[in-house]
Amino acid sequence: MTTVLITGANRGIGLEHVRQYADKGARVHACCRDPESANELKALANASGGKIVVHKFDQSRPEDAARLAGEIDEPIDILWNNAGTAGDRSNQVFGTAADTMNAVFDVNVTGPLRLSEALIGHVEKSDRKIIAMQSSQMGSIADNGSGGVYAYRASKAALNMVTRSMATDLADKGVTVVAFHPGWVQTDMGGPNAKISTEESVQGEQEVVDNLTIDRSGEFIRYSGEKLPW
Ligand SMILES: NC(=O)c1ccc[n+]([C@@H]2O[C@H](COP(=O)([O-])OP(=O)(O)OC[C@H]3O[C@@H](n4cnc5c(N)ncnc54)[C@H](OP(=O)(O)O)[C@@H]3O)[C@@H](O)[C@H]2O)c1
């Protein structure tokens, strides 16, 4: 049986990953900041016959990563670092406060790196050995023709670099590390004008991951499977 861990599992893309993995019979460790208020996730977990386990996890709290690692006593085939924040989406060239910049980096860059470190032993012991980062095309330097959104864009570019370095450094352990662009998805973050549903995005991402081999480690991949430019 495949075991998956997903952060940001209470809504949006993360919640849909939980739903689709559970439907396929996977065991799912679903992580969110406030399990008490995560009603949709709790309903899925209650109906899963124990396959979905909900954990409390705030990506900006170092102690949460360590505690989470201690709560899980089984190999993790796929670690989905999905949780993320948009921060201040201003398109002004100047004026992004240092506090905003640092807070977005803390959640979007430091958080996934720290959780990957905390759980690397669990991933190494698994069959699949996959770490997937939920990045964004907004983090592509090659694709940036419109500027703006400084904190978010810079954080996802930094997450891409973390992905690439981890892919190199973990290759001899057989761990595959990739960055994903999920598409422009109808969630709280993507907004109502977004192009695709969470169902379509997640179906695509899971299909890519199902077929992932280590020769694609270090790639930046669109939900539909194409390799994206950095
Ligand atoms: N939607 C898009 O079009 C799009 C495009 C490209 C990339 N992405 C990326 O896809 C991922 C999921 O986005 P989404 O569209 O599903 O966004 P969303 O609906 O806004 O959900 C964001 C998720 O991240 C969680 N989160 C935020 N800060 C956190 C923290 N400090 N600790 C733990 N969890 C935290 C949220 O939890 P709370 O409910 O507790 O806030 C929520 O579960 C993000 O990394 C995003 O950057 C999305």
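Order of appearance sets the numbers: ligands from 1, and atoms from 1 within every ligand.
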Taking 4.0 angstrom as the limit and counting only heavy atoms of Phe57, give me the atoms of ligand 1 inside it, by number and element.
33 (C)
Pull out every atom of ligand 1 sitting under 4.0 Å from any heavy atom of Ser135, numbered as shown with elements.
6 (C), 7 (C), 8 (N), 9 (C)
Closest non-hydrogen protein atom to atom 3 (O) of ligand 1, residue and atom name please, with distance?
Val185 N, 2.8 Å
Find the distance between CG (Asp77) and CG (Leu79) and round it off to the nearest 0.5 Å.
11.0 Å
Report the nearest protein non-hydrogen atom to atom 36 (C) of ligand 1: residue, atom name, distance rounded to 0.1 Å.
Arg11 NH2, 3.7 Å
With distance as the sole test, does Glu199 use its side chain to make a donor-acceptor pair with the main-chain N or O of Glu16 at under 3.5 Å?
no
Identify the protein heavy atom lying closest to atom 45 (O) of ligand 1, giving its residue, its atom name and the separation to 0.1 Å.
Asn82 O, 2.8 Å
Would you check if the side chain of Arg164 reaches a backbone N or O of Phe220 as a donor-acceptor pair within less than 3.5 Å?
no
Heavy atoms only: which of Gly190, Pro182, Ser201, Ser155 lies closest to atom 8 (N) of ligand 1?
Pro182
What residue and atom, counting heavy atoms only, is the protein's closest point to atom 43 (O) of ligand 1, and at what distance?
Asn10 OD1, 2.6 Å
To the closest 0.5 Å, what do you measure between CG (Leu68) and CG (Asp58)?
12.0 Å
Among the heavy atoms of Cys32, does any lie under 4.0 Å from an atom of ligand 1?
no
Which residue holds the protein heavy atom closest to atom 17 (O) of ligand 1, what is that atom called, and what is the gap in Å?
Met189 CB, 3.4 Å
Ser201 side chain vs Pro182 backbone, donor-acceptor pair below 3.5 Å:
yes
Intermediate values then yes/no, side chain to side chain contact (heavy atoms under 4.5 Å, CB included), Tyr150 and Thr100:
CA-CA 10 Å; Tyr150 282 77; Thr100 302; over 6 Å; no
Ile13, any N or O under 3.5 Å of ligand 1 N or O:
yes
For Trp184, the atoms of ligand 1 under 4.0 Å from one of its heavy atoms are 3 (O)
Atom 34 (N) of ligand 1 sits nearest the protein heavy atom Ala83 CB, 3.4 Å
Which distance, rounded to the nearest 0.5 Å, do you find between the CD of Glu205 and the OH of Tyr223?
10.0 Å
Any N or O on His181 sitting closer than 3.5 Å to an N or O of ligand 1?
no
So, 4.0 Å and heavy atoms of Gly183: is ligand 1 close enough to count as a contact?
yes
Among all protein heavy atoms, pick the one closest to atom 32 (N) of ligand 1 and tell me residue, atom and distance.
Gln59 N, 2.8 Å
Using a 4.0 Å heavy-atom cut-off, which part of Tyr152 comes near ligand 1: side chain, backbone, both, or neither?
side chain
Taking a cutoff of less than 4.0 Å between a non-hydrogen atom of the residue and any ligand atom, is Lys156 in contact with ligand 1?
yes
Are any side-chain N or O atoms of Gln59 and backbone N or O atoms of Val107, one a donor and one an acceptor, separated by less than 3.5 Å?
yes
Atom CD1 of Ile52 and atom CG of Leu44: how far apart are they, to the nearest 0.5 Å?
5.0 Å
Sub-3.5 Å donor-acceptor pair from the side chain of Arg27 to the main-chain atoms of Gly50, do we have one?
yes
Can you tell me if Thr7 contacts ligand 1 (heavy atom of the residue under 4.0 Å from the ligand)?
no
Proximal ligand 1 atoms for Gly12, defined as those under 4.0 Å from one of its heavy atoms
16 (O), 19 (O)
Does a sphere of radius 6.0 Å around CD in Glu36 hold more than 12 heavy atoms from other residues, nucleotides or ligands, not counting ones at 6.0 Å or beyond?
no
For Gln206 and Lys24, run side chain to side chain contact (heavy atoms under 4.5 Å, CB included): C-alpha distance rounded to whole Å, both residues' side-chain angles, the deciding distance at 0.1 Å, then the answer.
CA-CA 11 Å; Gln206 292 195 7; Lys24 291 176 184 168; 2.7 Å; yes
Using a strict 4.0 Å cut-off to heavy atoms of Gln134, name the atoms of ligand 1 that fall inside it.
9 (C), 10 (O), 11 (C), 45 (O)
For Asp188, take its heavy atoms, then give the atoms of ligand 1 lying under 4.0 Å from any of them.
19 (O)
Heavy atoms only, cut-off 4.0 Å: how does Leu15 contact ligand 1, side chain, backbone, both, or neither?
neither
Below 3.5 angstrom, do we get any N/O pair linking Ser136 and ligand 1?
no
Could you check if a side-chain atom of Ile120 sits within less than 4.5 angstrom of a side-chain atom of Leu170, using non-hydrogen atoms only?
yes
NZ of Lys129 to OG of Ser217, rounded to nearest 0.5 Å, is 13.0 Å
Protein heavy atom at shortest distance from atom 27 (C) of ligand 1
Gly84 O, 3.4 Å
